[in-house]
Student: 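Let me give you the structure first, and then I'll get to my questions.
Letters A, B, ... are given to chains in the order of the sequence lines, protein chains preceding strands, and every chain is numbered from 1.
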2 protein chains.
Amino acid sequence: MPDRGERIIESDDLRKVGLKVTHPRMRILDILSNAPKKHMTAEDVYRELLEQGDDIGLATVYRVLNQFETAGIVVRHHFEGGQSVYELDHGGHHDHMVCVETGKVIEFHNDQIERLQREIAEAHGFELKDHSLVLYVRPKRSKA
Amino acid sequence: MPDRGERIIESDDLRKVGLKVTHPRMRILDILSNAPKKHMTAEDVYRELLEQGDDIGLATVYRVLNQFETAGIVVRHHFEGGQSVYELDHGGHHDHMVCVETGKVIEFHNDQIERLQREIAEAHGFELKDHSLVLYVRPKRSKA
DNA sequence: TTGGGTGCAAATTGTTTGCAATTGT
DNA sequence: ACAATTGCAAACAATTTGCACCCAA
């Protein structure tokens, strides 16, 4: 099976963006790559590190995540509820759907919506630089 | 000209939702109704109150805005950049476009996008409860 | 009168930063 | 060796909360 853009990020990717290959950075990359949840808060990552026996400070987690964001290795999202959530940036842009009951995050992409957004911005004399779309959903009731 | 849903919110609206008609609440409603910016942060409202000579605490502004949100009198948005912004809820739903250069906020509504969102949620076995769409734009360059 | 409302200061929450010690290269 | 990186604690920013006093109903 051809890998669908799920390329694993490794040491070279860090060097490439001018970041030294340190233990904390590699561990955080590993967590982000292998964790069951693709979208994690800084605290999530921190707790996971502790559980795996790594003694890395929360401040470092924040610093590293910021550097990764700047380097384009992770994307930061601001869903409702204060904390930022981070996810590895595998390239393909997508939007999110958050289940308000389970908290589960589903990714999706819709070309038509993307195009409409661009058109709307244009129509108002603007150029679309970026956007944020989050659908808050709940499981379709069987009959309730 | 028929008023296009720009109904002014008054004392009765507060009583209706079980909130006493107090000076701070009325003043904040007034600011929200007559301010040049329709989208304000708690600090924006607070500063405006001070400028108008009202001596109302910042904590009260936050408390009142929260009560208003719960009561459905205002809507709270989380654009990029920490602070929450509030705007009077005049009923009609709309999304936002934020100019990353001037900070200006433009409202828009697009039925097609609304419909697509509902369809996407359905297609994933969910029911759309709410959504948040913000376009980050910049003035279309003349030639730069 | 009286329970909700307010101001102020102190407490929280999420995140950033200063600095001395540590570590990749 | 030397600059980059980390850990820890202190600093921050936005928002919330405890409590004694105050005011709308």
Student: Using whole Å, what does the distance between atom P of nucleotide dT15(C) and atom CZ of Phe68(A) come to?
Tutor: 17 Å
Student: Looking only at the side chain of Lys20(A) (C-beta and beyond, no hydrogens), which of the listed nucleotides dT25(C), dT6(C), dT15(D) gets closest?
Tutor: dT25(C)
Student: With a 4.0 Å cutoff (strictly under), does any side-chain N or O of Tyr62(B) reach OP1 or OP2 of dT15(D)?
Tutor: yes
Student: Tell me: CD1 of Ile56(A) to P of dG7(D), nearest whole Å?
Tutor: 6 Å
Student: Rounding to an integer number of Å, can you tell me how far Asp54(B) CG sits from dG5(C) P?
Tutor: 19 Å
Student: In terms of the nearest nucleotide of DNA chain D, which residue is placed more toward the 5' end: Arg25(A) or Tyr86(B)?
Tutor: Arg25(A)
Student: Check every atom of dT16(D), dA25(D), dG14(C) against the side chain of Gln83(A) and return the nucleotide holding the closest atom.
Tutor: dG14(C)
Student: Provide, to the nearest angstrom, the distance between the CG atom belonging to Leu65(B) and the P atom belonging to dT6(C).
Tutor: 12 Å
Student: Got Tyr46(A) and Ile28(A) here, is their nearest side-chain heavy-atom distance under 4.5 Å?
Tutor: no
Student: Which class fits the ring pair Phe79(A) and His39(A): parallel under 30°, tilted 30 to 60°, perpendicular over 60°?
Tutor: tilted
Student: Side chain of Arg63(B), base of dG18(D): donor and acceptor closer than 3.5 Å?
Tutor: yes
Student: Within this structure, what is the CG-to-C1' distance between Leu19(A) and dT25(C), rounded to whole angstrom?
Tutor: 14 Å
Student: Please confirm whether the shortest side-chain N or O distance from Thr60(B) to OP1 or OP2 of dG5(C) is below 4.0 Å.
Tutor: no
Student: Whole angstrom is fine here: how far is it from CD1 in Ile28(B) over to P in dG5(C)?
Tutor: 13 Å
Student: With a 3.5 Å cut-off and just heavy-atom distances, do the side chain of Arg15(A) and the base of dG24(C) make a donor-acceptor pair?
Tutor: no
Student: Determine the contact category for Ser84(B): base if any of its heavy atoms lies under 4.0 Å from a base atom, sugar-phosphate if only primed atoms, P, OP1 or OP2 are that close, otherwise nothing.
Tutor: sugar-phosphate
Student: Please tell me whether Ser33(A) and Asp30(A) have a donor and an acceptor in their side chains that are separated by less than 3.5 angstrom.
Tutor: no
Student: Nearest whole angstrom, please: distance from the C1' of dT15(D) to the CG of Asn66(B).
Tutor: 8 Å
Student: Measure the acute angle between the ring planes of His96(A) and His77(A), then classify it against the limits of 30° and 60° as parallel, tilted or perpendicular.
Tutor: perpendicular
Student: Hey, is the side chain of Thr41(A) poking within less than 4.0 Å of OP1 or OP2 on dG14(C), counting only N and O atoms?
Tutor: no
Student: Can you tell me how far C1' of dC12(D) sits from CG of Leu58(A), to the nearest Å?
Tutor: 15 Å
Student: Just say parallel, tilted or perpendicular for the rings of His109(A) and His93(A), cut-offs at 30° and 60°.
Tutor: perpendicular
